[in-house]
Amino acid sequence: MTLEKKIIDLTVKAVNELYGASLDQASVTLQETRKEFEGQITVVTFPIVRFSKKSPEITGQEIGEYLQTNLEEIVAFNIIKGFLNLTISDEFWITQLNHSICKADFGKFPSNGRKVMVEYSSPNTNKPLHLGHVRNNLLGFSVAEILHASGYEVVKANLVNDRGIHICKSMLAWQLFGNGETPESSGLKGDHLVGKYYVVFDKEYKKQINDLVSQGVTEDEAKKTAPLIRQAQDMLLKWEAGDPDTIELWKKMNGWVYTGFDETYRKMGVDFDKYYYESDTYILGKDTIQEGLDKGVFFKKPDGSVWIDLTSDRLDEKLVLRADGTSVYMTQDLGTAELKHDDFQMDESIYVVGNEQDYHFKVLFLILDKLGKSWAKGLHHLSYGMVDLPSGKMKSREGTVVDADELIDEMVETARQRTEELGKVEGFSAEYKEELYRMIGLGALKYFLLKVEPKKRLLFDPQESIDFQGNTGPFIQYTHARIISVLSKASYSTAPTNEQRVSLTPLERELIVIQSKYPEILKAAAEDYSPALIANYVFELAKLYNKFYHEEPILKAEEDVKQFRLKLSAATAAIIKKGMGLLGIEVPDRM
RNA sequence: GCGCCCAUAGCUCAGCUGGAUAGAGCAACGGUUUUCUAAACCGUCGGUCAGGGGUUCGAAUCCCUUUGGGCGUACCA
């Protein structure tokens, strides 16, 4: 039983014995004691005052005395303005360090027997990945790691959007203007090559629209009748009909894209257990529609289209199948949800998708619930905000995007420059240097994107967004390297548990207190699907360690103090490494 | 029009189920290296938590409302 739990139980008991009232556990509020006061854990007495019918000060005094006599861990207490601050014995904290924090499995929860799918990335195969996708990928990967560490079995899935009119646009443009260009002949990465033709399509298409408009056609009409869009639509029909030439072209160009994506994924350090392709799943969902009709959840309009009425849930009527029997987005998402569940029988399923689809997922989950799918309540949309540039929103077709590959390369390059300027690479091998620059550059980028709450929009200024000082990835990586350096100077390997330490300095105590919070932070991050909680926690830990490092000597301390501080340092490094690992960020031993 | 989300220091962000004088980082200014990595540490400056009501012993946090921004409201995905 945790100390917090003991305090809560005893407080309830104290209220019962002292005031003859029954207080429920939830109304005992504990919080961390503010730094300026003595103590580590604080009981807020205000909720108890109505039972004690005494002033907060007297109530605190009485509860405090009761707790101190009945809990050996509490060695002192003080009351300030109705806040009962409890001082926990140093012995308790030392025991925490020795018997919990130093364990290899600290912060790793045992299996909870539940399976969760995290679907993320879900790219279109007509253009390379950009900064927005990077946020998506890092979020998805990190959430998967966090859920795994908190006891889930995790399946990472990627639903690739590999078909549709937008794919045909790239294919058509390549066919018309490509002159047989290939990744090999052009030296372009496959996804970039295909993306180039997506832009070409748009340019040529606009040209045709302008021509038509200048001939007196309205803009709307021109958009619909321009030869290029007609050809693209024809191509889509041919694709759906299984025309061999079209399929061959599609396979060839998608193959280029996948090769490119694989490289980008590898660079970002993300991976997947299962790929789904929309070219397989887009026909799904019709059975579900029939099921819904049979159950009376859906209804048919006179034209034959199928709808669901969600007005009683304060939403709209929503189309789920066209009059001609073809699918809409919702149709295939219904089918895909069933497919995924049939494949894995997971208890929960997380969709990492941008917040412009909030409404879609709300409706999707609601429909599945109305269809009586027991697993529908385990579905969750992890919605995240767009990444903005100083110039505004990113738009692929207009070329105002921050390309993922370029961004990563630039980050690594900046890391190289910074590191060399600091003159820290003497004696490092060429291989290690490359590895280090990659770690730091990527660490900076990942931390920058993950430290912000997912649902918030994010402003990315290429000129100044990514720093290497303060609340950044490199700061935390540096702290880790520093600790490893001290440990290696002391030839420290394993933690002795029998040093004679009995009292702690304030900074040592603070460090153990914050270290012991790691498991609950991990749990909260898993519940909220929020890597940001981990990021902010690790930063606090690193910051506190740096202060400790600066103020209290380690190697020059007396032997038993030295051993203790080494152990404290090793524990800090281990938590930093684990925490950063949950964010997909590696930490170097030297930098 | 309707629905959802956001608004905290000059900038980028924390702030747990309401709790003590609202916290970091960056930027600016000033200090700290013959001592374990100065990508660090310490200090100064900086806020009517968008505005207004309400609930409460107590509100950045909950409710209502106004304003500003974003997204959605497609037989696109």
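Every chain is numbered from 1 and lettered A, B, ... according to where its sequence line falls, protein lines coming before strand lines.
Taking only side-chain atoms of A:F46, from C-beta outward, the nucleotide of B:C57, B:A77, B:C36 with the closest atom is B:C57. The side chain of A:K543 approaches B:A24 more closely than any other nucleotide in the set B:A20, B:A24, B:A40. Checking B:U73, B:C57, B:C36 against the side-chain heavy atoms of A:K489 singles out B:C36 as nearest. For A:K556, taking side-chain heavy atoms from C-beta onward, the closest of the listed nucleotides B:A39, B:C36, B:U35 is B:U35. For A:Y329, counting side-chain heavy atoms from C-beta on, the closest listed nucleotide (B:A77, B:A20, B:G15) is B:A77. Listed nucleotides: B:C5, B:A39, B:G72. Nearest to the side chain of A:E356: B:G72. Distance from the side chain of A:V328 is smallest to B:A77 among B:A77, B:A14, B:C36. The side chain of A:L533 lies closest to B:G15 when the candidates are B:G15, B:C6, B:U12. Each of B:G19, B:C36, B:A20 was ranked by its minimum atom distance to the side chain of A:T33; first place goes to B:A20. Across B:C41, B:A20, B:G72, the shortest atom-to-atom separation from the side chain of A:H550 is found for B:C41.
A:E552 and A:T505 are linked by a side-chain donor-acceptor pair at a separation below 3.5 angstrom, with hydrogens and angles left out of the test.
A ring-centre distance under 6.0 Å is not found for A:H381 and A:F365. Under the 6.0 Å cut-off for aromatic ring centres, A:Y329 and A:H360 qualify, their centroids lying closer than that. For A:F46 and A:F83, the distance between ring centers is under 6.0 angstrom.
Comparing A:F539 and A:F548 along RNA chain B, the residue whose closest nucleotide (by nearest heavy atom) sits nearer the 5' end is A:F539.
Listed for the A:N85 side chain is no donor-acceptor partner under 3.5 Å among the backbone atoms of A:T42.
For the pair A:F475 and B:A40, the ring geometry does not qualify as stacking, because the centroid separation below 5.5 Å and plane angle under 30° are not jointly satisfied. An aromatic stacking contact links A:F83 with the base of B:A20, defined here by ring centres under 5.5 Å apart and ring planes under 30° from parallel.
Residue A:R457 has no polar side-chain atom (N or O) positioned under 4.0 Å from OP1 or OP2 of B:C71. Regarding contacts with the backbone of B:G23, a side-chain N or O of A:R34 is found under 4.0 angstrom from either OP1 or OP2. For the pair A:K451 and B:A14, the criterion of a side-chain N or O lying under 4.0 Å from OP1 or OP2 is not met. For A:K456 and B:A14, the shortest distance from a side-chain N or O to OP1 or OP2 is below 4.0 Å. Of the side-chain N and O atoms in A:R322, none sit less than 4.0 angstrom from OP1 or OP2 of B:A74. Not one side-chain nitrogen or oxygen of A:K424 sits closer than 4.0 Å to the OP1 or OP2 atom of B:A38. Contact annotation: A:K547 reaches the phosphate of B:C42 (side-chain N/O to OP1 or OP2, under 4.0 Å).
Few gaps surround CD on A:Q31; more than 12 heavy atoms of other groups in view lie less than 6.0 Å from it.
Look at A:E219 and A:K223 and you find a salt bridge, because one of the NZ, NE, NH1 or NH2 atoms lies within 4.0 Å of a carboxylate O, short of that distance.
Among the heavy atoms of the strands, none lies under 4.0 Å from A:D162. Residue-level contact check: A:F468 touches the bases, meaning some heavy atom is under 4.0 Å from a base atom. If you check every strand for non-hydrogen atoms under 4.0 Å, A:T419 touches a base. When heavy atoms are screened at a 4.0 angstrom cut-off, A:R50 is found touching no nucleic acid atom at all. No engagement by A:Q477 is indicated, since no non-hydrogen atom pair under 4.0 Å with the nucleic acid exists. At the heavy-atom level, A:A524 lies nowhere under 4.0 Å from the strands shown.
Of the P atoms belonging to B:A50 and B:A7, the separation is 8 Å, rounded to the nearest Å. Comparing the P positions of B:C75 and B:C13 gives an interatomic distance of 35 Å, to the nearest angstrom. Comparing the C1' positions of B:G18 and B:U56 gives a spacing of 9 Å, expressed to the nearest Å.
In B:U33 the O4'-C1'-N dihedral to the base is within 90° of 0, which defines a syn nucleotide.
Between the side chain of A:N85 and the base of B:A20, a donor-acceptor pair under 3.5 Å is found.
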